[in-house]
2 protein chains.
Amino acid sequence: MNRKATALDVAKLAGVSRSAVSLVLNGRGDGNVALESQQRIREAAAALNYSPNKIALSLRNRQSRIIGIVSDQVVTSPFDGNIIAGADAVAREHGFVTVVMDTELDGSRDEGAVETLLDRQVDGLMYVTVGLRPLHVPANMDRVPAILANCFDDRPEAVVPAVIPDEVRGGREAAEHVMSLGHRDIAFLAGDSLTPAAPRRIEGYRSAFLHAGLPVNEARVLQVGWDIDAGFHGTMKLLDGVEPARRPTAILCANDRLAIGVVLACYRLGLSVPQDISVMGYDDEFRIAKAMVPALSTMALPLREMGAAAMTSLLRDVDRQQAPDDGGTAAPGGKEPRSGTSAETMVPCRLVVRDSTGQVPAGR
Amino acid sequence: MNRKATALDVAKLAGVSRSAVSLVLNGRGDGNVALESQQRIREAAAALNYSPNKIALSLRNRQSRIIGIVSDQVVTSPFDGNIIAGADAVAREHGFVTVVMDTELDGSRDEGAVETLLDRQVDGLMYVTVGLRPLHVPANMDRVPAILANCFDDRPEAVVPAVIPDEVRGGREAAEHVMSLGHRDIAFLAGDSLTPAAPRRIEGYRSAFLHAGLPVNEARVLQVGWDIDAGFHGTMKLLDGVEPARRPTAILCANDRLAIGVVLACYRLGLSVPQDISVMGYDDEFRIAKAMVPALSTMALPLREMGAAAMTSLLRDVDRQQAPDDGGTAAPGGKEPRSGTSAETMVPCRLVVRDSTGQVPAGR
DNA sequence: TTGAAAGCGATACCAG
DNA sequence: CTGGTATCGCTTTCAA
């Protein structure tokens with residue numbers, strides 16, 4: 001429990017000066033410090049279990065190698081934690097550490113979180129949300145390099161770059177998957193329109209019909225909510241007391257929990273999945289989609305990839321800002337702050353086919 | 001994007017020395033600095049939007065006001081995030097910030113995480129796990145005040161204190177709940193014995209029978225796993241093709257996902273919940289238990305409370321260590337390092353009654 | 001009442 | 001090749 005060894009301790013033990021210690025331990029010893037001294041220094045460092053005090057380093061280098069992450073409720077809720085995991089993995093690879101502040105959906109805490117993080121001299125800032133949504137970027141967030149993950153700058157000029165999933169394409173590919181199994185009467189249970197995720201997935205669903213030259217039956221799109229019970233009751237509305245020939249043959253859901261409700265309702269009505277009706281989830285929620293009975297076909301959100309992509313891009317900006325301008329600055333065209341990259345990076349979702357989708361029943 | 005203002009900037013603007021700024025801004029101005037100067041200093045600070053550089057503070061005070069949290073997979077998985085949320089809330093109240101490192105279940109990364117955190121000069125360390133389990137405490141973790149949440153020191157001497165849920169009592173109260181509804185033939189679907197959570201819950205289940213003066217039917221305890229499909233197949237084994245009078249009337253599950261599987265199986269068999277059979281979950285998983293059809297009766301894990309309790313205790317130790325010994329040290333009895341507290345703090349679970357449990361069917 | 005100076009731990013420059 | 005010294009931003013003595 002005794003205090004850690006400092007460079008001075010090492011120097012004393014090795015009988016040299018602090019500077020020598022610094023040089024040797026940073027690989028700049030050769031040609032500067034006598035080999036014999038180097039040896040002694042290394043031994044002393046090992047003996048004392050020396051490692052430099054990162055706080056002192058931060059002060060001196062004016063960079064903390066800390067990335068601040070503000071989350072709206074990623075920590076508290078069971079969702080989207082993999083965005084942070086992906087981001088953190090990349091940060092760690094680069095010798096950065098992340099500190100996460102969760103506002104638990106209290107928007108008034110945004111600025112405070114950013115302020116706290118800035119006081120801690122973070123080198124960069126990331127904002128992560130549960131579910132795709134527009135973000136009112138907190139003040140001062142742009143004082144250091146910043147990026148958004150799973151949300152996007154709500155200002156028309158979109159100052160802060162963002163990494164988001166390609167929900168439109170996800171919705172479309174989900175629909176195309178069941179179409180490829182022969183389904184034509186396909187319902188969509190779709191969360192709500194409070195966040196852009198559901199509307200975008202619906203847009204993809206519509207575009208699948210358009211591309212297939214099929215009409216879209218708007219009555220098949222139900223914005224019911226996001227939870228199990230919503231899926232259950234939505235399905236009851238779609239199927240209960242409806243003659244078989246007029247039932248949809250497939251139900252697409254805006255997330256996996258809705259799909260649980262759908263299957264629950266099907267079983268209650270004595271229907272089999274996927275023999276009588278095909279069901280698809282969305283998200284590929286850990287320990288849910290794969291473990292369902294039947295295992296859910298779903299559209300996996302690329303959470304880890306999003307986090308990793310966001311952090312990669314952020315660290316590039318951090319480097320760029322800290323390195324004094326070199327080389328290419330004389331390029332014609334001038335100032336471009338973000339080197340021509342679009343402000344929004346789209347990451348594709350991934351179709352996962354399991355057991356809840358099957359061929360359309362004969363005669364439909 | 002320009003660098004933040006320093007105390008020197010404030011001093012210059014106010015026409016005083018750095019020391020005066022420091023004094024005033026830390027409330028020690030009265031009696032040391034002229035009121036007029038104080039006013040000017042405060043104005044200057046506000047004008048420059050000054051706030052002290054925490055890194056410099058940390059270096060000077062030899063304390064970072066950072067608590068390091070090592071998690072085995074709390075960040076990555078959808079579970080138990082509320083432990084961290086609870087811990088973080090308490091930390092924030094006390095002006096601390098937490099930095100979380102997730103090892104993603106790779107035990108070999110434990111020591112590295114602790115090392116990294118220690119290099120960052122954290123004032124304290126917490127280890128958080130998904131699901132109760134014994135922990136092989138990483139080396140060096142005891143170089144600063146430390147605590148475990150949802151896990152416990154696997155060494156017989158139990159050096160590091162821990163905060164864990166009272167699983168035995170939880171299991172017992174779950175069983176007592178359905179007993180109070182008249183059930184006597186109660187099955188338990190129980191995860192596995194790889195972690196102590198399921199065995200302890202089973203132990204509670206048994207003790208409920210003992211206290212009620214009823215025999216325990218060991219054939220009713222099935223260690224099937226933790227996921228939806230395990231619940232489904234376990235239930236099938238219990239109910240499918242079994243004559244009604246020989247079926248259990250209630251099924252207790254070691255978590256809420258198992259309960260989903262149970263209900264799924266019941267529906268498939270044409271059984272109603274809770275009319276034909278009562279089902280109970282465990283955990284009160286967010287967006288699952290409450291949203292199920294029917295809404296699940298369950299035993300809520302006190303995650304937030306555990307995190308908060310662990311952090312409260314940890315910060316007390318941090319304070320104690322940093323404050324030089326004052327007053328009471330002369331108390332008789334001497335050294336006691338942990339002021340007599342037991343190393344393991346148990347937090348009770350909370351019974352949540354919803355719609356999946358009901359009176360035992362007539363005649364059973 | 002105020003300002004000057006010392007140190008927290010590490011690095012990098014620059015004389016020696 | 002080496003060791004002294006300034007610096008990062010802040011607090012806290014200590015003299016004036």
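The figures that follow rest on heavy atoms only: side chains count, while hydrogens, waters and symmetry mates do not. In what follows, chains are A, B, ... by sequence order, proteins preceding strands, each numbered from 1. Since the model is a prediction, treat every value here as computed from it, not as a measurement.
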With axes from five pairs an end, tell me the bend angle of the helix from C:dT1-D:dA16 to C:dG16-D:dC1, nearest 10°.
-> 70°

How about A:Gln38 and A:Asp30: does a side-chain donor come under 3.5 Å of a side-chain acceptor?
-> yes

Rounded to whole Å, CD1 of B:Ile55 lies from C1' of D:dG9 at a distance of 11 Å

Roughly how many Å is it from CZ in B:Arg62 to P in D:dT11, rounded to a whole number?
-> 16 Å

Determine, for A:Glu104 against B:Arg304, whether the closest basic-nitrogen to carboxylate-oxygen distance falls under 4.0 angstrom.
-> yes

Which letters describe nucleotides 10-16 of chain C, given B = protein heavy atom under 4.0 Å from base, S = only from sugar-phosphate, - = neither?
-> BBB----

Closer to the 5' end of DNA chain C via nearest nucleotide, is it B:Gly15 or B:Leu59?
-> B:Gly15

Under a 4.0 Å heavy-atom cut-off, which of residues 34-46 of chain B touch DNA chain C?
-> B:Ala34, B:Ser37

Rounded to whole angstroms, how far apart are NZ on A:Lys12 and C1' on C:dG9?
-> 13 Å

Rounded to whole angstrom units, what separation is found between the CG atom of A:Leu25 and the C1' atom of C:dG9?
-> 14 Å

Give the rounded distance in Å between these two atoms: CG of B:Asp9 and C1' of D:dC10.
-> 13 Å

Polar side-chain atom of A:Asp119 near backbone of B:Lys54 as donor-acceptor pair, under 3.5 Å | no

Donor + acceptor pair across side chains of A:Asp80, A:Asn150 (<3.5 Å) = yes

Heavy-atom neighbours of B:Glu36 CD exceed 12 at 6.0 Å = no

Any ion pair linking A:Asp317 and A:Arg320 (charged N to carboxylate O, less than 4.0 Å)?
-> yes

Can you establish whether the number of heavy atoms outside B:His136 located under 6.0 Å from its atom NE2 is more than 12?
-> no

Backbone N or O of B:Ala309 within a donor-acceptor pair of the B:Ser313 side chain at under 3.5 Å?
-> no

If you measure only the distance, is there a donor-acceptor pair under 3.5 Å linking the side chains of A:Asn140 and A:Glu115?
-> yes

Quickly, which of A:Asp110, A:Asp153, A:Asp72 forms a side chain to side chain donor-acceptor pair (under 3.5 Å) with A:Tyr127? Name it, please.
-> A:Asp110

Starting at CD1 of A:Ile67, measure out to CG of A:Leu315 and round the result to the nearest 0.5 Å.
-> 5.0 Å

